[in-house]
Amino acid sequence: MEAGARKGQSARRPGTTRGRIYAVVRRIPRGRVATYGQVATLAGLAGHARQVGYALHALPAGSSVPWQRVVNARGEISLRSVPGAGLTQRMLLEREGIRFDARGRIGLERYRWEPR
DNA sequence: TGCTTGACATAAT
DNA sequence: CATTATGCCAAGC
């Protein structure tokens, strides 16, 4: 339990790598998407996109982090350990007004979040 | 304390 | 444009 509790804390504890990643993901506006590398760069972890994915993977359910708006560089939803979840993510994005390609890809040219 | 795994990115072919 | 190979860091056991 302590391990689980500690995990939940580290997720909300600012200053940690994961906390910074969550902070960036939270900044993604609705109806827009960002790539893992983009989030990593904004979080100050340029080049460490893997950590972004891992951080979201450890993200607790019910969190205020719109992990669904984070996609890979191909503009597609990355496969995760939980089968079926990809469809859930796609549904959430479509609900925000994001259109998917016939191949299940998003037009990053059109929906890419441009931070300023 | 140290090793293995992991929601990826980028470059090269 | 698709696929393959390599590199990065942090968290978990």
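Because the structure is a prediction, the values reported are computed rather than measured.
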query = Between C:dC8, C:dA10, B:dA7, which nucleotide has the shortest distance from any of its atoms to the side chain of A:Q51?
reply =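 It is C:dA10.
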
request  = Could you please name the option among B:dA9, B:dA7, C:dC9 that lies closest to any side-chain atom of A:T35?
outcome  =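 Closest nucleotide to the A:T35 side chain: B:dA9.
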
task = Name the nucleic acid region contacted by A:L45, choosing base, sugar-phosphate or nothing; use a 4.0 angstrom heavy-atom cut-off, strictly under.
result =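 Touches nothing.
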
request  = Would you indicate what A:G47 reaches in the nucleic acid, counting non-hydrogen atoms under 4.0 angstrom: base, sugar-phosphate, or nothing?
outcome  =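 No contact.
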
message = By a 5.5 angstrom centroid cut-off and a 30 degree plane limit, is there stacking between A:W67 and B:dA7?
response =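 Yes; by the centre-distance and plane-angle rule, A:W67 counts as stacking on B:dA7.
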
What integer distance in Å separates [X]:[atom1] from [N]:[atom2]?
| X | N | atom1 | atom2 | result |
| --- | --- | --- | --- | --- |
| A:L56 | C:dA10 | CG | P | 16 Å |
| A:L59 | C:dG12 | CG | P | 13 Å |
| A:E76 | C:dT3 | CD | P | 10 Å |
| A:I21 | B:dC8 | CD1 | P | 13 Å |
| A:R50 | B:dC8 | CZ | P | 8 Å |
| A:R18 | B:dC8 | CZ | P | 15 Å |
| A:Y22 | C:dA11 | OH | P | 9 Å |
| A:R105 | C:dA2 | CZ | P | 5 Å |

Is the distance from OP1 or OP2 of [N] to the nearest side-chain N or O of [X] less than 4.0 Å?
| X | N | result |
| --- | --- | --- |
| A:R103 | C:dA2 | yes |
| A:R20 | C:dA10 | no |
| A:T17 | C:dC9 | no |

message = On DNA chain B, does the nearest nucleotide to A:R74 precede the nearest nucleotide to A:Y54 from the 5' side, or the other way round? Give the residue.
response =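 The residue whose closest nucleotide sits nearer the 5' end is A:Y54.
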
key: Cationic tip of A:R90 above A:F100 ring, under 6.0 Å, 45° of axis   =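 Positive - A:R90 is close enough to the ring of A:F100 and near enough to its axis.
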
A:R80-A:Q89 side chain donor-acceptor pair, cut-off 3.5 Å =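 Side chains of A:R80 and A:Q89: pair found under 3.5 Å.
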
message = Under the criterion side-chain hydrogen bond (donor to acceptor under 3.5 Å, both in side chains), I'd like the reasoning laid out for A:Q38 against A:R112: C-alpha separation, chi angles, the key distance, then a yes or no.
response = CA-CA 10 Å; A:Q38 195 177 348; A:R112 189 176 288 239; 3.0 Å; yes

key: Enclosure of A:L79 CG (heavy-atom neighbours >12, cutoff 6.0 Å)   =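 Not buried by this count: 12 neighbours or fewer within 6.0 Å.
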
message = Once rounded to the nearest 0.5 Å, what's the spacing between atom CZ of A:R74 and atom CD of A:E76?
response =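 These two atoms lie 6.5 Å from each other.
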
